[in-house]
Colleague: 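Mind having a look at this structure? Questions to follow.
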Amino acid sequence: MAKRNLISVLDMKEEWPDLVDLAIKLKKERYTHGALLKGKTLLMIFEKPSTRTRISFDVAMTELGGNALHIDASKIHMGQHSETVEDTAKVMSRFAHGIMYRAYDYKVMDKVGESATIPVISGLDNLEHPCQALADMVTIKETKGTFRGKKMVYLGDGNNVCNSLMYASAILGLDMVACCPASRMPNAEIMLGAARIADANGSKIVASHDPKEACKDADILYTDTWISMGDDTPVNEALKLFSMYQINSDLLSLAKDDCIVMHCLPAHRGYEITGEVMDGPQSVVLDQAENRLHAQKAVLYTLIK
Ligand code: CP
Ligand code: NVA
């Protein structure tokens, strides 16, 4: 069978329900699958810092019996003035069974995905963060039991995380409101694509600029940093743009009583979310972080077993 990538959520569109269920199963059966990826090696290339993605992929490979190798992109030859991205990807394919890549530019990510003869999994680029979205969907299924009829409101910057959440929500039948300032809406093409998938699937992906209105009756409030890695928006500018989108107790009080609060982390307390809400009883941010591990296992097993 031809190798496959997970660079966009859409690359594994058909498998999303199974990936969510497999992650939940692997979570329940933790430490009992030590031979699933025996002898397999994952190369993890990072152009940007990472805590959760790096650790969860590494631990996932270890717990499944394989091995993960961390590579700082600035310390290898890959790049414009050195070995081409394509050549690097082809060489890496002779050493290992999968590549996990955190990149600045989705175009470079796509080049690696096209040139490598082994599966390439995105650990985030400027367009998407599919593995984050999978862990988030696992967390939602665990806490809410279902996606159908549930409403998630994403507040703040319409970034890579928001883009992948729109695709994942549309595929799984979760209603989602992308509530962002007009100048920081999610990628228009992705939003349109997600809305079309949702339409065919009986759910809704819609935009809003009004947090108070959007949060009414919400089952899930979600936020991410106002300034992503590689974004040079000054902090004072971000404060002006995004302050009204902060998840705080006032906004949370407009949602359903059993609404959960999500953040992919790292969080900036006092900016996109207050410490009070993040540490409060409705927050599931640490479950989300842990679920990165179980979600990565589901992806790794499906793509490189
Ligand atoms: N959420 C997430 O991807 O975190 P890291 O940047 O720490 O990997
Ligand atoms: N949107 C953030 C996510 C970090 C995990 C970023 O790209 O920096």
Side-chain angles (χ1 to χ4, degrees), residues 6-9 23 42-61 68 70-73 99-109 121-140 152 154-168 176 178-181 184-187 190-191 221-235 238 241-242 245-247 261-269 271-273 278 283-300:
L6 178 57
I7 290 177
S8 165
V9 166
L42 179 73
L43 303 179
M44 308 192 295
I45 316 169
F46 286 91
E47 288 180 6
K48 311 179 194 180
S50 167
T51 302
R52 282 141 288 267
T53 304
R54 175 175 176 175
I55 297 170
S56 58
F57 268 106
D58 196 335
V59 175
M61 285 304 290
H70 177 263
I71 299 160
D72 176 343
I99 294 172
M100 195 290 301
Y101 182 28
R102 171 165 286 194
Y104 278 100
D105 184 349
Y106 76 92
K107 294 190 202 93
V108 182
M109 175 73 79
I121 301 165
S122 168
L124 170 157
D125 60 27
N126 56 339
L127 260 196
E128 283 202 56
H129 197 357
C131 293
Q132 180 66 51
L134 181 59
D136 298 339
M137 293 299 145
V138 169
T139 311
I140 292 168
M152 173 163 72
Y154 175 95
L155 294 139
D157 186 23
N159 60 18
N160 44 9
V161 170
C162 181
N163 288 336
S164 283
L165 285 172
M166 289 194 298
Y167 274 149
M176 177 171 164
C179 185
C180 314
R184 300 290 285 248
M185 290 305 287
N187 178 279
I190 293 180
M191 185 144 197
L221 298 189
Y222 194 120
T223 192
D224 181 18
T225 180
W226 292 339
I227 307 176
S228 285
M229 293 178 276
D231 178 355
D232 56 11
T233 305
V235 175
L241 268 174
F242 295 116
Y245 297 85
Q246 180 191 63
I247 300 188
V261 174
M262 302 182 74
H263 191 310
C264 62
L265 307 180
H268 305 85
R269 289 164 179 261
Y271 290 84
E272 71 269 12
I273 188 166
M278 189 162 142
S283 168
V284 295
V285 301
L286 293 178
D287 298 310
Q288 265 180 280
E290 182 195 325
N291 284 337
R292 295 295 306 277
L293 168 65
H294 311 298
Q296 323 297 27
K297 283 185 183 174
V299 171
L300 289 165

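Counting starts at 1 for both ligands and their atoms, following the listed order. The figures that follow rest on heavy atoms only: side chains count, while hydrogens, waters and symmetry mates do not.
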Colleague: In sequence, state the C-alpha distance, the side-chain angles, and the governing distance for Tyr154 and Cys179, and then conclude on side chain to side chain contact (heavy atoms under 4.5 Å, CB included).
Modeller: CA-CA 6 Å; Tyr154 175 95; Cys179 185; over 6 Å; no
Colleague: Please confirm whether His129 comes within less than 3.5 Å of ligand 2 when only nitrogen or oxygen atoms on both sides are compared.
Modeller: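 Looking only at distances, the answer is no, because the N/O contact criterion of under 3.5 Å is not met.
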Colleague: Test your reading of the structure: does Arg54 have an N or O sitting under 3.5 Å from an N or O of ligand 1?
Modeller: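 There is no such contact.
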Colleague: Polar-atom distance check: Asp224 versus ligand 2, any N or O pair below 3.5 Å?
Modeller: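 Yes.
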Colleague: Any non-hydrogen side-chain atom of Thr53 less than 4.5 Å from a side-chain atom of Leu124?
Modeller: no
Colleague: Treating Asp58 as the side-chain partner and Arg54 as the backbone partner, does any N or O pair qualify as donor plus acceptor under 3.5 Å?
Modeller: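 Absent.
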Colleague: May I have the step-by-step check of side chain to side chain contact (heavy atoms under 4.5 Å, CB included) for Tyr101 and Leu43, ending in yes or no?
Modeller: CA-CA 8 Å; Tyr101 182 28; Leu43 303 179; over 6 Å; no
Colleague: Of all the non-hydrogen atoms in the protein, which one sits nearest to atom 4 (O) of ligand 1, and at what distance?
Modeller: Arg52 NE, 2.9 Å
Colleague: What do you reckon, does Lys48 have a nitrogen or oxygen under 3.5 Å from a nitrogen or oxygen of ligand 2?
Modeller: no
Colleague: Near Asn159, which atoms of ligand 2 are under 4.0 Å from a heavy atom of that residue?
Modeller: 1 (N)
Colleague: Spell out, as yes or no, whether a donor-acceptor pair under 3.5 Å connects the side chain of Gln246 to the backbone of Tyr271.
Modeller: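 Answer holds: yes.
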Colleague: Which ligand 2 atoms does Asn160 reach within 4.0 Å, using its non-hydrogen atoms?
Modeller: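 Checking each atom against Asn160, I get 1 (N), 2 (C), 6 (C), 7 (O).
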Colleague: Checking side chain to side chain contact (heavy atoms under 4.5 Å, CB included) for the pair Met278/Val285: CA distance, chi angles, key distance, verdict?
Modeller: CA-CA 7 Å; Met278 189 162 142; Val285 301; 4.2 Å; yes
Colleague: Would you check whether Met229 has a nitrogen or oxygen atom less than 3.5 angstrom from a nitrogen or oxygen atom of ligand 2?
Modeller: yes
Colleague: If the cut-off is 4.0 Å to any non-hydrogen atom of Cys264, which atoms of ligand 1 fall inside it?
Modeller: 1 (N)
Colleague: Determine yes or no for a side-chain-to-main-chain donor-acceptor pair under 3.5 angstrom, with Asp224 supplying the side chain and Val161 the backbone.
Modeller: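 Here the side-chain-to-backbone pair does not exist.
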Colleague: Is it true that Lys48 and Asp125 make a salt bridge, defined as a side-chain N closer than 4.0 Å to a carboxylate O?
Modeller: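 No, no charged N to carboxylate O under 4.0 Å.
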Colleague: Below 4.0 angstrom from a heavy atom of Leu265, which ligand 2 atoms are there? Numbered from 1 as shown, please.
Modeller: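 Within the 4.0 Å cut-off of Leu265, ligand 2 contributes 5 (C).
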Colleague: Let's go through Arg292 and Asp287 carefully: what are the C-alpha distance in whole Å and the side-chain angles of both, what is the deciding distance for salt bridge (Lys or Arg N to Asp or Glu O under 4.0 Å) to 0.1 Å, and is it a yes or a no?
Modeller: CA-CA 9 Å; Arg292 295 295 306 277; Asp287 298 310; over 6 Å; no
Colleague: I want to know if ligand 1 touches Pro266 in the polar sense, i.e. an N/O pair below 3.5 angstrom.
Modeller: no
Colleague: Can you tell me if Thr53 contacts ligand 2 (heavy atom of the residue under 4.0 Å from the ligand)?
Modeller: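 No; Thr53 lies far enough from ligand 2 that no heavy-atom distance drops under 4.0 Å.
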Colleague: Under 4.0 Å from any heavy atom of Leu124, which atoms of ligand 2 are there?
Modeller: 3 (C), 4 (C), 5 (C), 7 (O)
Colleague: Using distance alone, determine whether Arg102 and ligand 2 share an N or O pair under 3.5 Å.
Modeller: no
Colleague: Just jot down the ligand 1 atoms closer than 4.0 angstrom to any heavy atom of His129, in number order.
Modeller: 2 (C), 3 (O)
Colleague: With a cutoff of 4.0 Å, is Leu265 in contact with ligand 1, counting heavy atoms of the residue only?
Modeller: yes
Colleague: Identify the closest protein heavy atom to atom 7 (O) of ligand 1: which residue and atom is it, and at what distance?
Modeller: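 Protein heavy atom with the smallest distance to atom 7 (O) of ligand 1: Thr51 N, 2.7 Å.
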Colleague: Angle class for the Trp226/Phe242 ring planes (parallel below 30°, perpendicular above 60°, tilted otherwise)?
Modeller: parallel
Colleague: Heavy atom of Arg292 under 4.0 Å from ligand 1?
Modeller: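 Within the 4.0 Å threshold, so yes.
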Colleague: With atom 6 (O) of ligand 1 as the reference point, say which of Arg102, Gln132, Met229, Lys48 has the nearest heavy atom.
Modeller: Arg102
Colleague: Report yes if the distance between the aromatic ring centroids of Tyr222 and His263 is under 6.0 Å, otherwise no.
Modeller: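 Between His263 and Tyr222, which both carry aromatic rings, the centre distance is not below 6.0 Å.
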Colleague: Yes or no on side chain to side chain contact (heavy atoms under 4.5 Å, CB included) for Tyr167 and Ile190, after CA distance, side-chain angles and deciding distance?
Modeller: CA-CA 7 Å; Tyr167 274 149; Ile190 293 180; 3.6 Å; yes
